[in-house]
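Below is one structure, written out as structure tokens; comments come after it.
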Amino acid sequence: MAKPIIMRIRPFDANKDYEVNLSWMGNRAHANRIIICDNDTNNVVFDDTVSSFALKHTIPAHTLSNGKRYTIQAQTYDVENTPSVLSDKVLFYTFATPDFYFEDLSANPVIASSSFTASVRYYSEDWEDISKYIFYLYDASQKQLLESPEMTDDQDISYTYKGLDNNTVYYVRCVGVTVNGMELDTGYVEITVKYENLNTYARIYATPVPSQGCIQVATNLIVIQYNGTDSFEYIDGMIDLRDKTLYYDEGFLIKDDFTLLIRGMNLWQTADLLRMSNHASGLTLSSRIYNDDNLRFRLLVPNGIGSYLLYSEPLVFSDTDMVTIAIRRINNVYKLQVFIELRFSTERGNMWYGSTRPAQKLMHNYDTWINTEEEIHMVNREDFTEYFDDEEPADAVTDDIWFGGGD
């Protein structure tokens with residue numbers, strides 16, 4: 001005897017309406033019925049019949065609960081109200097709709113480079129892990145231009161878009177699926193690419209040398225050499241200048257417009273940080289801690305009988321924060337800007353705890369998130385002690401970890 005078939009049911013959010021599709025090969029159906037049971041208790045939680053020629057049945061929002069498993073059976077009725085046999089049982093899951101969106105892209109963002117890394121936040125309150133995902137790039141008419149390889153790293157959901165054209169509108173999108181088949185989609189997010197063309201200092205010049213069968217390559221980059229006698233240590237790619245001075249007195253000259261970046265840590269101090277000068281002009285970058293416990297960076301540029309003086313905004317940061325100071329000159333007009341990266345660390349393996357999983361851009365691959373009811377907080381791997389005792393340690397402090405306690 002023919003019986004209806006329930007088409008595949010992907011995991012869905014029980015807080016929203018969901019439409020179940022049926023397949024039926026018998027007499028034309030004038031009504032259909034679905035019966036849903038809790039898979040753990042086998043209790044019937046929804047038994048509903050609708051009069052319709054369409055082989056569809058809607059499960060109303062809030063009929064079921066998220067984070068559970070259910071079984072469903074279906075039955076059809078012909079014009080004489082004769083029921084078919086029940087279909088085979090189908091198991092399905094319900095999950096709250098996970099967070100799945102681009103973290104750093106506000107409404108109509110402007111991308112100031114030909115490449116950028118797009119990061120997606122994923123969070124499921126039902127602990128439904130993401131299985132795989134793909135990034136897409138579209139033109140202004142939403143015609144697909146690029147499809148990334150299928151990716152599975154659930155700790156770093158990101159992709160670097162490269163080769164973007166200047167003064168161009170694009171759409172980016174990420175589509176994924178969870179381990180149990182729930183579909184994820186960020187939707188189309190519009191971006192505008194607008195950046196300045198590189199100046200001549202970044203260009204590479206190639207000249208053929210036929211007699212030697214090679215090409216001579218040159219750039220406007222100049223390698224400068226320190227001529228002093230001090231020795232310096234390089235730690236995690238950074239030079240340690242604490243209680244030392246590094247100077248160059250030959251090898252380069254800045255004549256026109258420029259952008260200068262100074263990047264470092266342990267800059268909470270009152271001191272001169274950089275001095276540059278030649279016979280005609282120069283500048284001094286310094287910092288000062290004021291009585292209100294704020295720090296300002298100051299740029300002093302001699303200018304004839306006066307001086308060009310710029311101050312940063314009042315800042316508060318620690319010696320573990322990475323500070324980037326940007327000095328720019330265009331047509332003899334200067335600009336000073338400061339960027340702070342809080343709790344900068346080249347190490348991985350920190351821990352986070354709180355009621356909400358931290359944003360992906362804050363966590364490294366080996367960071368751990370512990371779900372608690374407290375506000376989000378990071379514990380640096382250098383700042384806590386582990387205790388492996390049966391009894392709670394008496395001298396533990398905030399952020400320490402105790403493994404033990406017995407039954």
Side-chain angles (χ1 to χ4, degrees), residues 104 106 109-113 194-203 219-228 230 232 234-344:
D104 301 323
S106 57
V110 176
I111 307 300
S113 173
K194 187 176 181 61
Y195 54 87
E196 296 182 9
N197 291 322
L198 293 175
N199 293 322
T200 55
Y201 67 79
R203 293 175 181 165
T219 75
N220 285 336
L221 298 177
I222 299 174
V223 178
I224 57 179
Q225 178 65 44
Y226 167 69
N227 293 322
D230 288 340
F232 300 93
Y234 290 86
I235 304 173
D236 295 326
M238 295 181 286
I239 186 171
D240 189 350
L241 292 177
R242 285 173 288 188
D243 300 321
K244 294 184 178 181
T245 301
L246 176 63
Y247 67 92
Y248 303 97
D249 56 6
E250 63 180 47
F252 72 101
L253 175 66
I254 300 176
K255 296 187 297 182
D256 301 311
D257 298 341
F258 67 86
T259 299
L260 172 67
L261 298 179
I262 300 173
R263 182 173 168 87
M265 301 169 65
N266 296 284
L267 294 182
W268 186 262
Q269 56 183 296
T270 297
D272 287 345
L273 303 178
L274 172 72
R275 292 177 181 173
M276 296 173 54
S277 66
N278 58 23
H279 297 298
S281 62
L283 61 82
T284 300
L285 176 69
S286 59
S287 61
R288 180 179 176 182
I289 303 173
Y290 290 83
N291 293 332
D292 59 359
D293 292 328
N294 286 320
L295 179 146
R296 287 178 181 263
F297 291 101
R298 186 186 77 163
L299 178 65
L300 173 65
V301 182
N303 184 21
I305 60 175
S307 296
Y308 201 111
L309 190 60
L310 291 176
Y311 287 89
S312 73
E313 296 180 351
L315 301 168
V316 176
F317 56 88
S318 69
D319 282 340
T320 60
D321 298 334
M322 177 62 74
V323 180
T324 300
I325 307 165
I327 302 172
R328 193 171 195 186
R329 184 180 74 187
I330 299 179
N331 296 326
N332 286 322
V333 177
Y334 286 81
K335 182 178 181 180
L336 176 66
Q337 193 162 359
V338 181
F339 307 90
I340 308 293
E341 297 177 53
L342 300 178
R343 297 183 297 274
F344 178 85

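Below, all heavy atoms of this structure are taken into account, side chains as well, without hydrogens, waters or symmetry copies.
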Spacing of CG belonging to L273 relative to CD1 belonging to I262, to within rounding of 0.5 Å: 7.0 Å
Over 12 foreign heavy atoms within 6.0 Å of NZ, K244: yes
Donor-acceptor pair, side chain of Y308 and main chain of Y334, under 3.5 angstrom: yes
Nearest heavy atoms of G282 and P302, plus distance in Å: O-CD, 3.2 Å
Pair T270, R288: side-chain N/O donor-acceptor within cut-off below 3.5 Å: no
Distance (rounded to the nearest 0.5 Å) between L300 CG and D272 CG: 9.5 Å
Side-chain donor-acceptor contact under 3.5 Å, R275 with T284: no
Geometric class of the W268/F317 ring pair [parallel <30°, tilted 30-60°, perpendicular >60°]: perpendicular
Minimum heavy-atom distance Q269-N266, with the two atoms named: NE2-O, 3.1 Å
R296 (side chain) donor-acceptor with S312 (main chain) under 3.5 angstrom: yes
Distance in Å, L241 CG paired with M265 CE, rounded so as to fall on 0.5 Å steps: 13.5 Å
Within-4.5 Å side-chain heavy-atom neighbours: V316 and D293: no
Point-to-point distance, once rounded to the nearest 0.5 Å, from OG1 of T259 to NZ of K335: 10.0 Å
Audit row: L295, L267, side chain to side chain contact (heavy atoms under 4.5 Å, CB included) steps and yes/no: CA-CA 10 Å; L295 179 146; L267 294 182; over 6 Å; no
Contact check, side chains of L310 and I327, non-hydrogen atoms, under 4.5 Å: no
CZ on R298 to CG on L285, rounded to 0.5 Å: 9.5 Å
Criterion side-chain contact (heavy atoms from CB on, under 4.5 Å) against L315, the qualifying member of N294, V338, D321: V338
Side-chain heavy atoms of R329 within contact of L283, under 4.5 Å: no
Under 3.5 Å donor-acceptor, D257 side chain and N331 backbone: yes
Spacing of L246 atom CG and I239 atom CD1 [to the nearest 0.5 Å]: 5.0 Å
Pair Y311-L309, side chain to side chain contact (heavy atoms under 4.5 Å, CB included): steps then yes or no: CA-CA 7 Å; Y311 287 89; L309 190 60; 3.7 Å; yes
